[in-house]
Amino acid sequence: MSIKPWEHTEISSLKGKDILTLHDLTRLEIEEILKKCETVKTMFNLGADYKPLKGKTLGMIFQKSSTRTRVSFEVAMWQSGGYALFLNSNDIQIGRGETIPDTARVLSRYLDGIMIRAYSHEDVKILAKYADIPIINGLTDYTHPCQVLADLFTIQEKKKKLTGLKLAFIGDGKNNMANSLIFGCSKVGMDITIASPKEFLPDKEVVDKAKADANMNGSKITLTQDVYEAAKNADVLYTDVWTSMGQEEETEYRKEIFAGYQINNELVSVADQSVIVLHCLPAHRGEEITEEVMEGPHSVIFDEAENRLHVQKAILSLIMG
Ligand code: CP
Ligand code: NVA
C-alpha cells in the first residue's frame, strides 16, 4: 500500500509545542516548518484535498488589531479542515479581570490550540505555562515568530537558500520584528545587521541570546546607526513601522528620530543588485519605506504576505495535527 506524503506517521518534535519565540525552536524545527510549508503550498496550488486539522479548533485571542495574522490563521484552519474561533479580548472575561491561568485552564478543555496577539510577552508565557494545549504567539511587544517564519520561507523561495545570506533591518531595533529577525537569522546561519538610531539599537539581552546560535551557525549579528553600512551588499532589505502598536503616544518623537531610517531607491542601490525587499506590513509609505520601493522590482512584500497563510498551515498541522 502506498503512503501519501501527508499521511506519514512520524512524530515531529513540534507536536504539542508552544511557538513563543524563534529562539525557543531548534534549527531543525525551523527547517521542518519551512519544509512543511513548501509541501502545503504546493498541495494548495495543485488543489489537493489536504485536511490534517479535521475536527480541530483553534482559539484566536486578540488584544490588538490585525489583518494578516487574523485572516491567515482563520483561513488556514478552515482550509485545513478545522475551525477557528475569533476571541476579542474585550469580549471574553479576561477583559474584565479573569486571570490568565484560569482562562488557560478553561480554554484547554474546549480547544486544541490557542493563537494569541497580546501586549505583554510575559502574559503569553503565563498562558503557555497554564494551558495544556499549544500556544502560538501571534505578536507581542517582544517577538513575532510566525511573521519571521513566513519571511524566512519567502527568502528561501526567492534566493533558494538562507545560510550565507546577509539581511539588513532598517528601523526600530528594539521592536518585536527586529528581535524576531535576530533570533531567526541566527538560527539559520544568515548574517543580520540592524541599523537604528542609538537609543533604538537592539537590547543586549536579545543579542546575547542569539549570539550562541549565530556562532554555531557561522553567522554574524552587527549593530550600526548607519543605514548605508547596513544595506551595503545586502541580499535582503527589511523594514517595519517606526511606531509599533501600543506606542502611539510616541509617534511624533519617533517620526523625528527615525527620519532617514527609510528604505528608498538610494538605499536599494547600495545593496546587492538582486536584493529583495521585505516588510511585515502594515506599511507607512513615505516613512520607513517609499512608494517606489514598495511597488518596485525588488519588492516581494505581497508574496511575503501570502506566505503567512502557507506558513500558518505548516505550523498548525505540525503542532496540532
Ligand atoms: N504582519 C502582521 O502581523 O500584520 P497584522 O498586524 O495585520 O496581523
Ligand atoms: N512592529 C509592528 C509589527 C506589526 C506587524 C507592531 O508591533 O505594530
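By convention here, the first residue in the shown sequence is residue 1. Just follow the structure's listing: the first ligand is 1, and inside any ligand the first atom is 1. As the structure is a prediction and not an experimental result, all values here were calculated from the model.
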Handout entry: Thr193 and Glu229 side chains, donor-acceptor separation under 3.5 Å
Key = no
Problem - For Asn175, the ligand 2 atoms whose distance to one of its heavy atoms is below 4.0 Å - result: 1 (N)
Exercise for the section: Go through the steps for Leu201 and Gln225 under the test side chain to side chain contact (heavy atoms under 4.5 Å, CB included), then give the verdict. Expected result: CA-CA 8 Å; Leu201 284 169; Gln225 294 174 58; 4.3 Å; yes
Practice task
Return yes or no for this condition: an N or O of Pro282 is under 3.5 Å from an N or O of ligand 1.
Solution key: no
Completion exercise
for atom 6 (O) of ligand 1, nearest protein heavy atom and its distance come out as Arg117 NH1, 2.8 Å
Practice task
For Arg308 and ligand 1, answer yes if some heavy atom of the residue is under 4.0 Å from a ligand atom, otherwise no.
Solution key: yes
Handout entry: Short side-chain donor-acceptor distance under 3.5 Å, Asp172 and Ser244
Key = no
Exercise for the section: Between Leu281 and ligand 2, find which residue part has any heavy-atom pair under 4.0 Å and reply side chain, backbone, both or neither. Expected result: backbone
Exercise for the section: Run the contact test for Leu281 against ligand 1 with a 4.0 Å cut-off on heavy atoms, strictly below, and give the result. Expected result: yes
Handout entry: Close-contact set for ligand 2 against Met245 heavy atoms, below 4.0 Å
Key = 6 (C), 7 (O), 8 (O)
Practice task
Please work out whether the ring planes of Phe200 and Phe258 are parallel, tilted or perpendicular, with thresholds of 30° and 60°.
Solution key: tilted
Handout entry: Arg68 N/O under 3.5 Å from ligand 1 N/O
Key = yes
Handout entry: Geometric N/O contact Asp240 with ligand 2, under 3.5 angstrom
Key = yes
Problem - Close aromatic pair by centroid cut-off 6.0 Å: His310 and Phe153 - result: no
Exercise for the section: Could you go through the side chain to side chain contact (heavy atoms under 4.5 Å, CB included) check for Thr140 and Leu20 one step at a time? Expected result: CA-CA 9 Å; Thr140 64; Leu20 302 191; over 6 Å; no
Practice task
Examine Thr243 against ligand 2 and note whether any of their N/O atoms are separated by less than 3.5 Å.
Solution key: no
Handout entry: Side chains of His279 and Asp240 in contact at under 4.5 Å (non-hydrogen atoms)
Key = yes
Exercise for the section: Check ligand 2 against Asn176 and write out every atom of the ligand that is under 4.0 Å from a heavy-atom position of the residue. Expected result: 1 (N), 2 (C), 3 (C), 6 (C), 7 (O)
Practice task
Using a 4.0 Å heavy-atom cut-off, say whether Thr67 meets ligand 1 through its side chain, its backbone, both or neither.
Solution key: both
Completion exercise
Output for pair (Thr154 OG1, Lys159 NZ), nearest 0.5 Å, gives 13.0 Å
Handout entry: Region of Leu139 that comes within reach of ligand 2 [heavy atoms, distance under 4.0 Å]
Key = side chain
Problem - Any side-chain donor near an acceptor of the partner, Glu266 and Tyr228, under 3.5 Å - result: yes
Handout entry: Per-atom contacts of ligand 1 with His144, taking only distances under 4.0 Å to non-hydrogen atoms
Key = 2 (C), 3 (O)
